[in-house]
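To keep things clear, I will list the structure first and then write my remarks on it.
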4 protein chains.
Amino acid sequence: MGIQERKEREKEQRKAVIMACATKIFLAKGFVNATMEDIAVCSELSKATLYVYFKNKEEIILHVMNAVLCRLTELMETSMSRAKSAPDKISLIVEAYMDFYSDFNAQYELLSSQESTAGMDFVSLECYKDYVAQYNKFWDTLCAPVNVALEDGYFSKEFSAVEIAVTLWSTIKGLMQNMDKVVKTQNCPDYQKMVAENKVNYNDFQTELLALDYKKMLRHLSDSVIKSFQQQ
Amino acid sequence: MGIQERKEREKEQRKAVIMACATKIFLAKGFVNATMEDIAVCSELSKATLYVYFKNKEEIILHVMNAVLCRLTELMETSMSRAKSAPDKISLIVEAYMDFYSDFNAQYELLSSQESTAGMDFVSLECYKDYVAQYNKFWDTLCAPVNVALEDGYFSKEFSAVEIAVTLWSTIKGLMQNMDKVVKTQNCPDYQKMVAENKVNYNDFQTELLALDYKKMLRHLSDSVIKSFQQQ
Amino acid sequence: MGIQERKEREKEQRKAVIMACATKIFLAKGFVNATMEDIAVCSELSKATLYVYFKNKEEIILHVMNAVLCRLTELMETSMSRAKSAPDKISLIVEAYMDFYSDFNAQYELLSSQESTAGMDFVSLECYKDYVAQYNKFWDTLCAPVNVALEDGYFSKEFSAVEIAVTLWSTIKGLMQNMDKVVKTQNCPDYQKMVAENKVNYNDFQTELLALDYKKMLRHLSDSVIKSFQQQ
Amino acid sequence: MGIQERKEREKEQRKAVIMACATKIFLAKGFVNATMEDIAVCSELSKATLYVYFKNKEEIILHVMNAVLCRLTELMETSMSRAKSAPDKISLIVEAYMDFYSDFNAQYELLSSQESTAGMDFVSLECYKDYVAQYNKFWDTLCAPVNVALEDGYFSKEFSAVEIAVTLWSTIKGLMQNMDKVVKTQNCPDYQKMVAENKVNYNDFQTELLALDYKKMLRHLSDSVIKSFQQQ
DNA sequence: TATGAATGAGGTTTCATTCAT
DNA sequence: TATGAATGAAACCTCATTCAT
């Protein structure tokens, strides 16, 4: 009896391991450049085994994206529950973004991977539906407190709840992404090699970018954006 | 020598044609999915001929990115030259972003392609240096009026010029990208097919996203961000 | 010991189930395209279990072919036993063919599967010998009454017993196979789809083929062939 | 100018070489077991090159089958043209079958390959249509003189032209196939090895089958079948 | 006996790149 | 300069088979 459960658990763990490895590889090389071989080696499994757990490569990334989005949504909900008022909830959501980024740093990028779901011919319908559901849930979570704030007269009616939510989210995401890209370029082995061989120089600008206090910038940004939607 | 020059000119024209085609293909299918065959067909040349003009596929994309960045920088400069004061210049830069997006719409995404310069082992040093130079020039152009505005006391000294420039740029880029993604998902043939077959439903949220007035949102956003950095 | 016997019996039953499923799958997809997975699912057993009962995939098909051949031989014997004279026996054998085809329809094709015994490296010797024995028994059964008819002077001595038997058998098999192929092409989902999409048209010829009265043709054929070997 | 043509011709020759090799391999191992690697090695080309000349494996076999059918139809037409009367034409068609078999022996089997066109998902429409057209032309050629013979009162009206043609063709094909199978089993290396190792014995029956005078049998058969359809 | 899990070996196909002409 | 032809290398995926339990 317990044996059944243990097996079930082990299987889930395997799946999780594969997904963790896949995430790592996808982030390092991009979805298209990542190979099943890469993932297999990283998971210490054979390529064939991957296909026992996932139908194909596309389903792996969709599962990964789903998991990331799910984790973020959870964080947002947890964070929000700490506040009573809608405005406070909104501020806390921004905090949640940042926590998420700190904790799951790398995974973050996947959410904005440009390949998204376009051209995903071979995913099973079920898998795709799961993702769409999670996607919608994420936006609902994001819009909910904005809606309340609108009804309460905290926000001006000039913009709709969706407009406010989209602006907040895109804005913060944009800044985080930028930060991520700078860090990545700097960490990219090819780039480091070129610098080491004096073929390319770090210039002052890049050095300055790396030194920025992003947390401070993010907080300033979110405060400003929220404020800009408030009633005067 | 006239003959020499004509040949030179023709060569440049060929190169431009190839790059134009490459840009089109890269945008439509992403860098990794685009094939040399695609570019050759679009240019009405043979695959082998592409290698006469470019060392390899990676150099093509680097040239394309360079050209796009160059175009954007030009637009910013032109736009800025219409104003005298630094604050006005900054506002106009935002306008330049939007014009650029309107004119070159899809090209926009290329600038933030995650595949960008990571893993570009095979580009020639010269080519890579050109790109880095253009990249630095872009940021310089962006920071210049911010610096002036800072010195003039228009902006508070709480944030550095780079911080302000990065925030402005990342923010607007984030919102534009979001818009782009929504449009692209909606236009993706696979997605349309799934909707047509009733496997996935447009939900209210997505419909609302499509209907948003992004220009208005962008203007509101840039105004707010600029204002947030001003002296009180 | 009763327990021993029951186990033995159960084992045989399992084997029979697997073979029945295998037959179904082989006929539907061809031997090479059929997978152990297919057979396992159809038998409601795990893939691994199949290997408890059969050494490998090749042995399964050899067993199946054996069983089919055995069944046909039985039918021929039963049919023949209803007559006294050799000529009557021969006529009845033809009837047996047709009954077999009616009853086991699709199984028929298996007997002439070109993949048959070529390249069967991995079957156990015993298994292969069984098949050869059954094959010889089949031909003996077929030749026996022909031999008698020859000795009785019913058939002309111009042809040997084997020649007569081979002609009869090949001839009837040829016609049956043709019939089978027409029906199968018509039933093939891909083909139907192409017709539905107007990519290929049924033409008058194919329509006519489907409408033929094969039983009548078969009877005419066997009568004519038998008659052609008779003494004038 | 001549250069253009020469290239064209060389290309056709390459295609022909590939098809010849493919035919050889398909016959030796069956369509499914044959690999592109096999064909490449046999053609002394790389695997990739095969894809320059044919869209995929399925199109190769369809082209091969088409060519074989085309060759047979030609032979039938040439043969028929030597006679004036319909009955003579029909006899000559049978001769053509036999010539074809003698000359193109191996290719023959492909025509009755059980895999035929079922499950051919990936062939281009054009390629498939070519095959269907050839297939129809073959039957037309076969039925034409039968029709004339029917109208002339040479054949009894009890059977239609199609019925007569189908019977003739299936019957002769059946006998030829049988002959082929016996020869092949005998020539199969695995089988020879088993015999050499005394694991299986040639028995009298198989020996006798090999020794049969098939040409004589075929002629007897076709004469008998034709006669059976004649007016009494 | 029965099986869940794992995999080695191998199949088809794609594509950036080269090279003789 | 321009290209048709050819290919090496690698990617995704499948499946018969094994093995510990």
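Chain letters run A, B, ... following the sequence lines, proteins first, then strands; residues in each count from 1.
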I need the [atom1]-[atom2] distance between [X] and [N], as an integer number of Å.
| X | N | atom1 | atom2 | answer |
| --- | --- | --- | --- | --- |
| F54(B) | dT1(F) | CZ | P | 14 Å |
| K15(A) | dA6(E) | NZ | C1' | 17 Å |
| K57(C) | dA9(E) | NZ | P | 19 Å |
| K47(D) | dG11(E) | NZ | C1' | 8 Å |
| L45(D) | dA5(F) | CG | P | 13 Å |
| Q4(D) | dT3(F) | CD | P | 13 Å |
| E37(C) | dT3(E) | CD | C1' | 13 Å |
| E10(D) | dA5(F) | CD | P | 9 Å |

Compare the minimum distances between each of [options] and the side chain of [X], then state the nucleotide with the smallest one.
| X | options | value |
| --- | --- | --- |
| V52(B) | dT17(F), dA2(F), dA5(E) | dA2(F) |
| T35(C) | dA2(E), dC15(F), dG8(F) | dC15(F) |
| A48(B) | dT3(F), dA16(E), dC12(F) | dT3(F) |
| R14(D) | dA16(E), dA6(F), dG10(E) | dA6(F) |
| S46(A) | dA2(E), dT7(E), dA6(F) | dT7(E) |
| T49(C) | dT12(E), dT3(E), dG4(F) | dT3(E) |
| N56(C) | dT17(F), dA10(F), dC13(F) | dT17(F) |
| Y51(A) | dT14(F), dA5(F), dT13(E) | dT14(F) |

For [Y], does its backbone N or O pair with a side-chain atom of [X] as donor and acceptor, under 3.5 Å?
| X | Y | result |
| --- | --- | --- |
| E37(D) | K47(D) | no |
| N33(B) | K29(B) | yes |
| K57(C) | A34(C) | yes |

On a heavy-atom basis, which atom in A40(C) and which in L50(C) lie closest, and how many Å separate them?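 The answer is N-CD1, 3.9 Å.
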
Counter-base of dT21(F), judged by Watson-Crick or G-U geometry with both distances under 3.5 Å: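 dA2(E) - that is the nucleotide pairing with dT21(F), both distances being under 3.5 Å.
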
Applying the Watson-Crick and G-U wobble criteria at under 3.5 Å, what pairs with dA16(F)? Answer none if nothing qualifies.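 Pair assignment: dA16(F) / dT7(E).
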
Using a heavy-atom cut-off of 4.0 Å across all strands, would you classify Y53(D) as base, sugar-phosphate, or nothing?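 Sugar-phosphate contact only - Y53(D) comes under 4.0 Å of backbone atoms but never of a base.
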
Sugar-phosphate only, base, or nothing, as touched by A40(D) at under 4.0 Å among non-hydrogen atoms: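 Here A40(D) touches no strand at all.
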
With DNA chain F as reference, determine whether K55(C) or K55(A) sits nearer its 5' end, using the nearest nucleotide of each.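 Nearest nucleotide further toward 5': that of K55(A).
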
Judged by each residue's nearest nucleotide on DNA chain F, which is more toward the 5′ side, L50(D) or K7(D)?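 In this pair, the answer is K7(D).
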
Of A34(B) and M36(D), the one whose closest DNA chain E nucleotide lies more 5':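 On the 5' side of the pair lies M36(D).
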
Can a salt bridge be assigned to the pair E10(C) and R6(C) using a cut-off of 4.0 Å between side-chain N and carboxylate O?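 Looking at E10(C) and R6(C), the cut-off is met.
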
Cation over ring, K55(A) on F122(A), under 6.0 Å and within 45°?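 No - K55(A) does not lie over the ring of F122(A) by the 6.0 Å and 45° rule.
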
Looking at K11(D), does any N or O in its side chain come under 4.0 Å of the phosphate oxygens OP1/OP2 on dG4(F)?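 The answer is no; no side-chain N or O of K11(D) sits under 4.0 Å from OP1 or OP2.
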
